[in-house]
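The block underneath contains the structure these notes are about, expressed in structure tokens.
Whatever order the structure lists them in is the order used to number ligands and atoms, beginning at 1. Small disclaimer: the values here were computed from a predicted structure and weren't measured.
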Amino acid sequence: MKKAPLRFIVFLLCSICTAAFFEAAAAVGERPAIGSASGTQNHETQAERDRRMKWWREARFGMFIHWGLYAVPAGEYNGQRSKRIGEWIMEWANIPRAQYETFARQFNPVKFNAAEWVRIAKGAGMKYIVITSKHHDGFSMNDSGVSKYDIVDATPYGKDPMRALANETRKQGLRFCFYYSIMDWHHPSQYVDAPGKDPTAGHRQTKMHAGSKPDYVSYMKEQLREFITAYRPEVLWFDGEWVDWWTEEDGKDLYQYVRNLKPDIIVNNRVGKGRKGMEGLNKDDQQYAGDFGTPEQRIPPAGLPGVDWESCMTMNDTWGYKFYDENWKSAETIIRNLIDIASKGGNYLLNVGPTAEGLIPQPSTERLAEVGRWMRLNGEAIYGTSAGPFATQLSFGRATSKPGRLYLHVFDWPADGRLQVPAWRKTPKKAYLLASPRAPIRFTANGEGIVLQMPMKAPDPIASVIVLETAER
Ligand code: JFZ
């Protein structure tokens, strides 16, 4: 057998094993511990934890921003393109560190406008922004004292866009948060040992040089200390924790470290080893570090009472910008995903991948503007809500709730205008469309629950929201 096909087979087997590992891990345990009463950490009481998580639980909708050197190749290297995600190009195009570093000299985001980015997020109804301070490629998007491999020291731009973005985010009333990768393809402590791969390229399982881990952990801690004290991020969204040299003990230590620097900070579960693969929620064999679960590109099939979680998703098929990825989700899909997630008690972290010039791609801004139009009319049925009360999913759409209110989000409007709603613990006193509160909707009780007599035509083809007013408790 020739060498290349063998390498390919090894690669395939590795990919299959990784997938199988995550599926197997996903099958273990039914009750995730994140956010449950027993999941409190840092010796805080449940009430203290509820206070710390309050803004995040009410926000329901945030913007993820993947922005870094990978925006320069934008998914193409030496004429090679891939179906893989853009920010992993150092891995899939096998780019040695010294080569990848040259992207920094071409990174000059002169069109970056912090006020405009925040306006786009706010206009969509998003309440927080999570941006990559350092992705797997190890490049810092803010000025770092422990590394010259950052946007201020290594690019012609020479400025710190995170400073402007942090300030603008707060000025416009949103919360500013950081993503930070534990795996680091640029740091000398790590290397690649895989057939056909450059030892300094990217890889999903970087190895740690013997004896280098303490140095790297100090490096991370110092960089995080800088980032936390300088920008006061409200969430730290860790990633790249799956490398075999990172342990749950390391995760607990890092969790404690960032909480000590900023006691009210919120940390995702990718700080430690609790996560069940892409499903994102925690295994239940022990208590793991982190405040919320991180399903990736998926929505849990059912709500998880008492568990904090956030689904992160792309709008096309990549996180970091790829100029040829045109597989955009429709505004309808995005809005219904947001509703679906809220109806199960989770948050939606929706990604944009800005260009190397500093622009959020237009297909993203168009969709976000449409989401904003829906949210301005219906935001009350998303922000600060809890999961709906129904044990099985509604056939016509989804439900969210607040004390004294049930919101029905109707995706499929009944042809005869009669909407059968299953019984739940409460009896409604009043029903109306959220978009026209002064026009009451009549309803009658029947054996299965209540029947609403609605207008014949759906007011909103994507999702029309009906309010049912009930007793507070
Ligand atoms: C991770 C990152 O690798 C990715 O670049 C992006 O930032 C996303 C939000 O988070 O996604 C993963 C994590 C783990 C695997 C694949 C993608 N995995 O182990 O298969």
Side-chain angles (χ1 to χ4, degrees), residues 11-26 62-71 73-75 82-93 95 100 128-141 177-186 190 192 194 201-206 235-246 251 267-283 290 292-299 309-322 325 337 346-354:
F11 167 74
L12 266 184
L13 282 176
C14 289
S15 315
I16 291 164
C17 287
T18 310
F21 166 77
F22 277 136
E23 289 315 313
M63 176 181 270
F64 214 173
I65 307 180
H66 277 71
W67 198 37
L69 286 190
Y70 38 81
S82 171
K83 286 200 184 329
R84 308 271 310 278
I85 43 187
E87 72 283 6
W88 276 65
I89 194 166
M90 188 171 169
E91 189 258 6
W92 55 256
I95 309 175
Y100 192 88
Y128 58 109
I129 291 177
V130 183
I131 186 161
T132 46
S133 62
K134 185 194 86 169
H135 204 267
H136 307 331
D137 66 4
F139 185 80
S140 287
M141 291 297 286
C177 317
F178 271 144
Y179 167 108
Y180 188 89
S181 174
I182 291 166
M183 176 172 75
D184 190 318
W185 295 335
H186 187 266
Q190 289 154 70
V192 178
H203 195 264
R204 74 160 59 240
Q205 274 295 343
T206 60
V235 172
L236 256 177
W237 211 102
F238 285 101
D239 194 22
E241 85 293 3
W242 57 82
V243 282
D244 54 19
W245 46 265
W246 189 252
V267 181
N268 72 346
N269 69 340
R270 298 190 185 187
V271 68
K273 303 294 256 196
R275 172 166 75 110
K276 287 188 277 185
M278 306 288 267
E279 188 192 323
L281 300 162
N282 276 4
K283 297 172 268 186
F292 64 91
T294 52
E296 181 171 324
Q297 303 286 36
R298 69 188 63 197
I299 301 172
W309 57 274
E310 172 192 72
S311 281
C312 57
M313 282 193 203
T314 50
M315 263 193 245
N316 52 0
D317 292 325
T318 184
W319 304 92
Y321 179 64
K322 274 168 81 180
D325 184 338
N337 281 346
N347 282 10
Y348 191 26
L349 188 63
L350 181 61
N351 184 70
V352 298

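- The pair Asp184-Lys134 counts as a salt bridge, with a side-chain nitrogen and a carboxylate oxygen less than 4.0 angstrom apart.
- Residue His66 has at least one heavy-atom neighbour below 4.0 Å for each of these atoms of ligand 1: 6 (C), 7 (O), 9 (C).
- What you find for Gly240 and Val243 is that their closest heavy atoms are O-CG2, 3.7 Å.
- Under 4.0 Å from ligand 1, not a single heavy atom of Gln297 appears.
- Distances below 4.0 Å separate heavy atoms of His135 from the following atoms of ligand 1: 4 (C), 5 (O), 6 (C), 7 (O).
- With ligand atoms numbered from 1 in the order given, ligand 1 contributes 18 (N), 19 (O), 20 (O) to contacts under 4.0 Å with heavy atoms of Arg204.
- Defined by atom type and a distance below 3.5 Å, a donor-acceptor pair is present between the side-chain atoms of Glu310 and Trp237.
- Using modelled atom types and a 3.5 Å distance limit, the side chains of Tyr70 and Asp137 yield no donor-acceptor pair.
- Evaluated by nearest non-hydrogen atom to atom 8 (C) of ligand 1, the leading choice among Glu91, Glu296, Met313 is Glu296.
- Listed here is the closest heavy atom pair of Glu241 and Lys273: O-NZ, 2.8 Å.
- Counting the atoms of ligand 1 from 1 in the order shown, those under 4.0 Å from a heavy atom of Tyr179 are 7 (O).
- Looking at ligand 1, you won't find any N or O of Arg275 less than 3.5 Å from one of its N or O atoms.
- Distances below 4.0 Å separate heavy atoms of Glu87 from the following atoms of ligand 1: 4 (C), 5 (O), 6 (C).
- No donor-acceptor contact under 3.5 angstrom links the side chains of Thr314 and Asn351, judged on distance only.
- Those atoms of ligand 1 with a heavy atom of Trp88 less than 4.0 angstrom away are 2 (C), 3 (O), 4 (C), 5 (O).
- Here Trp88 and His66 keep their ring centres 6.0 angstrom or further from each other.
- Close approach to Arg270 involves these atoms of ligand 1, each under 4.0 Å from a residue heavy atom: 1 (C), 10 (O).
- Ligand-side atoms of ligand 1 in range of Phe64: 9 (C), range being under 4.0 angstrom from any heavy atom.
- Side chain of Arg270 to backbone of Thr294: a donor-acceptor contact under 3.5 angstrom is found.
- For atom 13 (C) of ligand 1, the nearest non-hydrogen atom from the set Trp242, Trp237, Trp319 comes from Trp242.
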